[in-house]
Student: 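Below is one structure. I have some questions about it.
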Amino acid sequence: MEANYQAPKEYEEKVIEVKRVSKKTTGGSSMGFTALVVIGNKRGRVGSALGKANDYASAVQKALQKARRSLIDVNLNNNTISHEVSATFKASEVYLKPAPKGSGIIAGGTVRAVVELAGIRDISGKMLGSNNKAANVICTIEALKKLKVPRKTNGTK
């Protein structure tokens, strides 16, 4: 077996934002980093987290570990969602609507990243209110949590 063999990753990872932060202390100011990460398997599981550490790599690693613990299941209907859904988190507001097959992901920024990693291929989304990426990611995941299981119909009304 090769020495540098890596098993295929179960979840795809996307670093949304890394911020350099500082805190005033008695000896001056201490620098640190916060990393916002979203992970998903593109088959209905997605999670996100914020990690804080003194260096970039550690912040991303901490965020990935937290995100694995915060995974949720998303109820998909083929390649889209089964119904319209909206959610609010603090000042962020998100609206998600199912889209016809082949229309793709019509959403920007953090909403696009979250729904891509959840495995949704056809959706229309709109983010209102805040420009805070962390709040927008949490808001999008809250909206996906509200999705109900699609009902099976037997062709009768």
Side-chain angles (χ1 to χ4, degrees), residues 2 4-19 33-53 56-157:
E2 285 185 38
N4 55 358
Y5 168 78
Q6 285 187 342
K9 286 190 176 179
E10 187 180 353
Y11 295 104
E12 230 175 276
E13 307 155 355
K14 192 171 253 184
V15 178
I16 304 294
E17 179 180 48
V18 177
K19 285 183 181 175
F33 291 88
T34 62
L36 176 63
V37 173
V38 177
I39 65 170
N41 66 355
K42 293 196 171 186
R43 290 188 310 275
R45 285 180 67 78
V46 69
S48 71
L50 195 65
K52 301 181 211 175
Y56 176 92
S58 300
V60 172
Q61 278 306 117
K62 279 185 181 182
L64 288 171
Q65 287 174 354
K66 280 185 184 178
R68 282 190 190 93
R69 291 194 299 263
S70 74
L71 287 168
I72 63 159
D73 290 318
V74 180
N75 296 316
L76 300 177
N77 184 12
N78 297 328
N79 289 330
T80 187
I81 56 178
S82 53
H83 56 88
E84 287 185 26
V85 66
S86 65
T88 57
F89 177 78
K90 297 191 177 184
S92 299
E93 212 172 330
V94 69
Y95 294 105
L96 301 174
K97 288 170 62 172
K101 186 174 178 162
S103 59
I105 299 172
I106 304 166
T110 55
V111 179
R112 175 179 285 271
V114 173
V115 298
E116 267 179 4
L117 292 175
I120 301 169
R121 292 200 192 103
D122 301 312
I123 193 168
S124 178
K126 184 66 184 167
M127 195 83 235
L128 300 169
S130 176
N131 289 329
N132 182 338
K133 290 181 182 174
N136 290 345
V137 167
I138 293 168
C139 188
T140 306
I141 289 179
E142 288 299 316
L144 293 175
K145 280 183 192 176
K146 290 182 177 182
L147 288 173
K148 294 181 174 66
V149 180
R151 276 191 274 165
K152 304 257 189 299
T153 56
N154 56 2
T156 59
K157 292 189 178 183

Student: Just verifying a value: how many Å separate Lys42 NZ and Tyr11 OH, rounded to the nearest 0.5 Å?
Tutor: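 That separation rounds to 14.5 Å.
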Student: May I ask you to test the Ile105-Ile120 pair for a side-chain heavy-atom distance under 4.5 Å?
Tutor: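 Counting from C-beta outward, Ile105 and Ile120 never come under 4.5 Å.
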Student: Are any non-hydrogen side-chain atoms of Asp73 and Asn75 less than 4.5 angstrom apart?
Tutor: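 Contact flag for Asp73/Asn75 side chains = no.
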Student: Heavy atoms only: give me the nearest Pro98-Ile81 pair and the separation to one decimal.
Tutor: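 Heavy-atom minimum between the residues: CB-O, 3.2 Å.
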Student: Can you tell me how far CD of Glu17 sits from CG of Leu50, rounded to the nearest 0.5 angstrom?
Tutor: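 Interatomic distance, Leu50 CG to Glu17 CD, rounded to 0.5 Å: 8.5 Å.
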Student: Below 4.5 Å, heavy atoms only, C-beta onward: do Leu96 and Leu147 meet side chain to side chain?
Tutor: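 No. Closest side-chain heavy atoms not under 4.5 Å.
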Student: Mind checking the CD1-NZ spacing from Ile39 to Lys14? Nearest 0.5 Å is all I need.
Tutor: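 Here the rounded value is 13.5 Å.
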Student: Compare all side-chain heavy atoms of Asn78 with those of Lys101 and state whether any distance is below 4.5 angstrom.
Tutor: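 Contact flag for Asn78/Lys101 side chains = no.
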Student: Run the salt-bridge test on Glu13 and Arg68 with the 4.0 Å N-O cut-off and return the result as yes or no.
Tutor: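 Between Arg68 and Glu13 there is a salt bridge, with a charged N closer than 4.0 Å to a carboxylate O.
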Student: Would you name the heavy atoms of Tyr56 and Phe33 that are closest together and state the gap between them?
Tutor: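 Distance-wise, the nearest heavy atoms are N-CD1, 3.6 Å.
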Student: Quick one: closest heavy-atom pair of Gly51 and Ala63, and the distance?
Tutor: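 In this case the closest contact between Gly51 and Ala63 is N-CB, 3.5 Å.
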Student: Hey, could you give me the OG1/NZ distance between Thr34 and Lys62, rounded to the nearest 0.5 Å?
Tutor: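 These two atoms lie 12.0 Å from each other.
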Student: To the nearest 0.5 Å, how far apart are OG in Ser48 and CG in Leu71?
Tutor: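 Here the rounded value is 9.5 Å.
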Student: Tell me, yes or no, whether the heavy-atom count around Arg121 atom CZ, taken from other residues, nucleotides or ligands under 6.0 Å, exceeds 12.
Tutor: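 Open: at most 12 neighbouring heavy atoms sit under 6.0 Å from CZ of Arg121.
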Student: Please report the shortest heavy-atom distance between Gly104 and Asp122, naming the atom on each side.
Tutor: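 Closest heavy-atom pair between Gly104 and Asp122: N-OD1, 3.0 Å.
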Student: To the nearest 0.5 Å, tell me how far Asn132 CG sits from Leu36 CG.
Tutor: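 Spacing of CG (Asn132) from CG (Leu36) equals 8.5 Å.
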Student: Taking all atoms of both residues into account, what is the closest heavy-atom pair of Thr80 and Ala99, and its distance?
Tutor: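 Taking every non-hydrogen atom into account, OG1-N, 3.4 Å.
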Student: So, applying side chain to side chain donor-acceptor pair (under 3.5 Å) with Ser92, which one of Asn131, Asn136, Thr110 is it?
Tutor: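 Checked Asn131, Asn136, Thr110 against Ser92; only one passes side chain to side chain donor-acceptor pair (under 3.5 Å): Asn136.
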Student: Of the non-hydrogen atoms in Ser58 and Ala53, which two are nearest, and what is the gap between them?
Tutor: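 That would be CB-CB, 3.6 Å.
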